[in-house]
Amino acid sequence: MPQLSNQQIDNLLPELPSLARLIIARDLTRQSELLAIDLDSKCQCGIDRREAYNFIPDIIGLDPTSAARYTQGYPIAAGMSVENWAAWLEGCEFVEAPGFVWLTVSKEGDHEDGIGGLCRTDKREAIAPSNEVSAFLADLIGFNSASFEQGRSVVCRMTAENWASWLALFEVDELDAETVTQLCS
């Protein structure tokens with residue numbers, strides 16, 4: 001059998017789509033069936049139950065483990081071709097603030113006894129001390145406590161009203177651009 005050159009192999013491979021990096025979550029408030037945010041553009045959309053049957057097949061990287069996590073109410077990381085994502089945004093993008101924020105939540109403090117949340121859309125951060133952790137956790141939507149207790153940062157949501165209250169109490173002063181980039185990637 002003749003050996004193919006790298007160029008010939010490249011020509012035979014299909015073109016890979018450009019991907020939108022997404023976080024997808026069930027809408028536990030029941031205003032939509034599912035919610036999605038593009039990690040790069042920060043564009044967000046809400047998909048209703050009927051549309052979800054068409055949205056789910058467009059997701060790239062959905063496996064049984066992530067599907068189970070999604071079903072349990074936890075946000076999952078996935079992808080979608082930029083063309084398909086643009087089409088979904090055209091019909092379902094939030095034109096007004098959706099009433100919630102997406103947060104990356106992690107343990108904070110010298111003894112990791114506090115909790116911090118970094119908003120993925122406005123890049124503002126609040127760090128609550130240990131005596132406020134239970135109250136902060138109570139305000140989170142779709143929080144994965146098992147991953148958090150293993151020391152991982154987790155993505156979840158909080159109502160915009162509650163987030164504003166936490167920022168008023170415990171906002172971290174301005175973050176430099178490099179830190180924001182590292183925390184939100």
Residue pair Asp63, Ser66: steps toward the side-chain hydrogen bond (donor to acceptor under 3.5 Å, both in side chains) verdict: CA-CA 5 Å; Asp63 60 19; Ser66 60; 2.8 Å; yes
Flag yes if Leu137 and Trp102 sit in one hydrophobic cluster, no otherwise; membership is Ile, Leu, Val, Met, Phe, Trp, Tyr, and two members link when side-chain heavy atoms are under 4.5 Å apart. no
If I take atom CG from residue Asp38 and atom CZ from residue Arg21, how far apart are they, to the nearest 0.5 angstrom? 8.0 Å
Contact between Leu103 and Cys119 at the side-chain level, heavy atoms closer than 4.5 Å - yes or no? yes
Would you kindly confirm whether Leu89 and Leu34 end up in one hydrophobic cluster when ILVMFWY residues are joined by side chain heavy atoms under 4.5 Å apart? yes
Report yes if the side chains of Ile59 and Met80 come closer than 4.5 Å at any heavy-atom pair, otherwise no. yes
Taking all non-hydrogen atoms of both residues, which atom of Leu140 and which atom of Met158 are closest, and how far apart? CD2-CE, 3.5 Å
Phe94 with Trp88, same ILVMFWY side-chain cluster at under 4.5 Å: no
Within one Ile-Leu-Val-Met-Phe-Trp-Tyr cluster: Ile127 and Trp163, side-chain cutoff 4.5 Å: no
Close side-chain approach of Leu35 to Gln44, heavy-atom, < 4.5 Å: no
Please tell me if the side chains of Ile115 and Val105 come closer than 4.5 Å, counting only heavy atoms from C-beta onward. yes
Closest non-hydrogen contact found for Val82 with Leu19 is CG1-C, 3.7 Å
If you round to the nearest 0.5 Å, how far is CD1 of Ile37 from CZ of Arg157? 10.5 Å
Could you state whether Val101 and Val155 fall into the same hydrophobic cluster, counting links through intermediate Ile, Leu, Val, Met, Phe, Trp or Tyr residues with side-chain heavy atoms under 4.5 angstrom apart? no
Tightest non-hydrogen contact, residues Trp85 and Cys43, listed as CZ2-O, 3.6 Å
Could you report the tightest heavy-atom contact between Phe136 and Ala128, atom names first, then the distance? CD1-CB, 4.4 Å
Does a sphere of radius 6.0 Å around CD in Glu171 hold more than 12 heavy atoms from other residues, nucleotides or ligands, not counting ones at 6.0 Å or beyond? yes
Heavy-atom check, side chain of Arg69 versus side chain of Ser147, under 4.5 Å: yes
Are Tyr53 and Glu33 close enough that some pair of their side-chain heavy atoms sits under 4.5 Å apart? no
Do Leu39 and Ile23 have side chains that approach each other closer than 4.5 Å (heavy atoms only, starting at C-beta)? yes
With side chains defined as the heavy atoms from C-beta onward, is the minimum distance between Lys123 and Lys42 less than 4.5 Å? yes
Please report the interatomic distance CG(Asn144) to OG(Ser153), rounded to the nearest 0.5 Å. 12.0 Å
Closest non-hydrogen atom pair, Gly142 against Pro75: O-CD, 3.2 Å
How many angstroms lie between OG in Ser106 and CZ in Phe148, if you round to the nearest 0.5 Å? 7.0 Å
With a cut-off of 6.0 Å (strictly less than), are more than 12 heavy atoms of other residues, nucleotides or ligands near CD of Glu90? no
Interatomic spacing from CD1 in Ile56 to CD1 in Ile47 - rounded to 0.5 Å: 9.0 Å
Taking ring pair (Phe, Tyr, Trp, His ring centres under 6.0 Å) as the test, write out the residues that go with Phe170, two or more places apart. Trp166
Hey, what do you get for SG (Cys45) to CG (Leu22), rounding to the nearest 0.5 Å? 8.0 Å
Among residues at least two apart in sequence or on other chains, which ones pass ring pair (Phe, Tyr, Trp, His ring centres under 6.0 Å) with Tyr74? none
Give a yes or no on this: more than 12 heavy atoms of other residues, nucleotides or ligands lie within 6.0 Å of atom CG of Asn131. yes
On a heavy-atom basis, the closest approach of Glu108 and Gly116 is CG-N, 3.4 Å
